[in-house]
Amino acid sequence: MPGFRANPPADRSRITGVSDEEQETRNPGRATRFGLGALIGLLAGFAALAVAELAAAGVRPQAGPVTAVGGAAIDRAPIAVKDWAIRTFGTDDKLVLQLGILAVLALFALALGVLAPRHRRAAAAGVLLFGVVGAAAATTRPDSTSFTDSLPSAVGGVAGAVLLYVLAGRLPEPDAAPAAPRHPGQGWDRRGFVIAATAAAAASAGAGVLGRVLNGGGDRDAVASRDNLRLPPAASPAPAVPGRAQVRVAGVSSFITPNDDFYRVDTALVVPQVDATAWRLRIHGTGVRRPVTLSFDDLLRRKLIERDITLTCVSNEVGGPYAGNARWIGVRLADLLADCGVVPPSRGGPADQLVARSVDGMTIGSPVEDVMDGRDALLAVGMNGEPLPFDHGFPVRMVVPGLYGYVSACKWIEDIELTTFDAYDSYWVKRDWAREAPVKTQSRIDTPKPFARPKTGTVMVAGVAWAQHRGVDRVEIRVDEGPWQDATLAAEDSRDTWRQWSYAWQATKGGHTLTVRATDRTGETQTEKRTRTVPDGASGWHSVVVTVE
Ligand SMILES: Nc1nc2c(c(=O)[nH]1)N[C@H]1C(S)=C(S)[C@@H](COP(=O)(O)O)O[C@H]1N2
Ligand SMILES: [Mo]
C-alpha cells in the first residue's frame, strides 16, 4: 500500500515509545491524508446511501433519497432542461438523472471527506445536512402521506455522519496539530483504520444490495392483485382488426403495439405499484351532483367496452417514437360521469375541466366537453388482452381518443375532480404546456430508415399516420422536390387509431430525400410549418435521407 508510506521527517513524528510494529503506523504525509480523507468521504457517502436504501425497503421505495431528490428535480426542472433531456436521452432520461445525482453526491462526499481530518465535526454535520435535504425531499413529494418517508434519508445521514466521524478519528493527525498525539502511545493506527474502513465498505455493500433487492421485488399485494385478476369479457367488444390494416413491409411498426414495446412517458422514478383490491376512485367536484367512491370491483361490474386507440405523446418530435396503438378495455367515462350527474358545458354544466389525479401526485386536466362528446373516453383496466401493466397505469388509467397523453391519459388514477380551466392548472400546464392539446395530424416514415442504402429499383416506403378521432384520409410521398404522390392507404381500423400506408418507389441511383404528409378527414393537410413540441405538440413533415446504390 504505497499510500500509507510513513512521513520521513523525524521531527514531525509524534510517535514516541511505541513498539516496532507500531512504528510503521507513523503519520503519512499531507497528500496521503488528503487521499485518505477523500476515501472516507466516499465511504461515508456510500454507507449513507446504502443504509437509506435498506431503510426505504421498510418504508416505501419512493422514500429513498435518490428517488425523492430525483422526483423533486423532475418537478422543478426548467422546461428547456427537460426538453433537452428527453431529446438527448429519450426514455433513459431518468437513469441519466439518477446517475447525475449520484455524481453530485460523490463530489460532495469527497469534499466532506477531505475536510474531515481537520474538521471532523463539521464534516459529519455536512453529511447530516444531506440527510436533512433527502428527508425534506421525501416528505414533500406529492405522493408522500407520512412523516415516515423522512426516515430513510435521516437514518442514512446519521449512519454516514457517524462513520465519517469515527473513521476521521482513526486518521493520522494533521501536520499542524500540536506535537502530542491524540491517542498517546498509539499514533496512527493503520491496521485499525484498514479494518474499520473495510468493514464499513462491506457492510454498506451488503445493506445496499439487500435494499435494492427488497425495493426491486415489488409490492407483494399489488403483484398478487394483478396476477389474480381475470378481466370480464367486454359487453361491447372491438371488431377484429382488419387484416389489411397491417402493411406487410419489413420495418413497419406493428399495427397493435405489444405492451412490452409500448412507449412509456411519465415522471415516476419508481413505478407505482397499486393493490387493486385496496384501490379506490373518487369522483367529485363542481357540478357533481352524486359524488362517488368506486372500488375496482365496482368498476368491473359496470359495462365494459373494448376499443383500439392510438396514444401519442406531446413530447414526440416529428418522426419520433412516442406513439403506440393498443386494444384497451374499460368503462366509458362519459357514462360514469353522467351517472354522477355531470353535465357537459355545452348543455349548461358548470365544470369545463376534468382533473385526474394519480397515486403519485400527477395531475392531468382534460376538457369535459371532449370526454362527454360521444367519443370513447375510457377508464381503462386492460391493455391488449391483459390487465394494465404496472408501467402503463395498473390498475386503472384514462385514455381519451384524440388528446395527447399529458391532457388525457392519467395512469395510476385515483381521483377525478370536476372544476374549471380558470380555477386550476394541472401539472404540465403549470410548466408552460398548453391547457388544451388535441393531437396534431402526423405521419412517419418507418422504412427505409435514415441513411439507409437501398438498391435501385422498387423500394417500399412505408409507415404510419395518425389524426386520432378525425381519421386519416390521405397520405402523400414526395421524392426530393418532386410532385406529391398518393401513397396506398392500408385498411382503417377506426378513426381513433393510426393508419398504415405504403408507396412503391422506383428508386434511382444517388442521394434522395423522402418526405411524407397526411390529410385528415376534416380535409386538413398536415402543415409543413415546423414547430417544437412545446407548448402543444410538434408539427412539420417527416423526411428521411437515403442513398440509393
Ligand atoms: N400518473 C401519470 N400519468 C401519466 C403521465 C405521468 O407522468 N404520470 N404521463 C402522461 C403522458 S405525458 C403520456 S404521453 C402518457 C403515456 O402513457 P404510457 O406511458 O402508457 O405510454 O401517460 C400520461 N399519464
Ligand atoms: Mo406525453
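The analysis underlying the following values was restricted to heavy atoms, covering all of them including side chains, and did not include hydrogens, waters or symmetry mates. For ligands, and for the atoms within them, numbers begin at 1 and follow the listed sequence. Only a predicted model underlies this, so the values are computations on that prediction, with no experimental measurement involved.
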TODO: Would you check if the side chain of Y404 reaches a backbone N or O of K440 as a donor-acceptor pair within less than 3.5 Å?
DONE: yes
TODO: Give a yes or no on whether a salt bridge exists between R375 and D370, defined as a side-chain N under 4.0 angstrom from a carboxylate O.
DONE: yes
Task: Neighbour list for ligand 1 [protein residues, heavy atom under 4.0 Å] - done: F262, Y263, R264, V265, D266, T267, L311, C313, S358, D360, M362, I364, H392, R397, G405, Y406, A409, C410, K411, W412
Open item on the list: Less than 4.0 angstrom from a charged side-chain N to a carboxylate O is my criterion; do R478 and E476 meet it?
Closed with: no
Task: Chi angles and distances behind the side-chain contact (heavy atoms from CB on, under 4.5 Å) call for R397, L311 - done: CA-CA 12 Å; R397 76 172 304 167; L311 184 62; 3.6 Å; yes
Task: Spatial distance of atom CZ (R60) from atom OG1 (T145) [nearest 0.5 Å] - done: 6.5 Å
Open item on the list: Check whether F262 forms a cation-pi arrangement with R264 (NZ or CZ under 6.0 Å from the six-membered ring centre, at most 45° off the ring normal).
Closed with: no
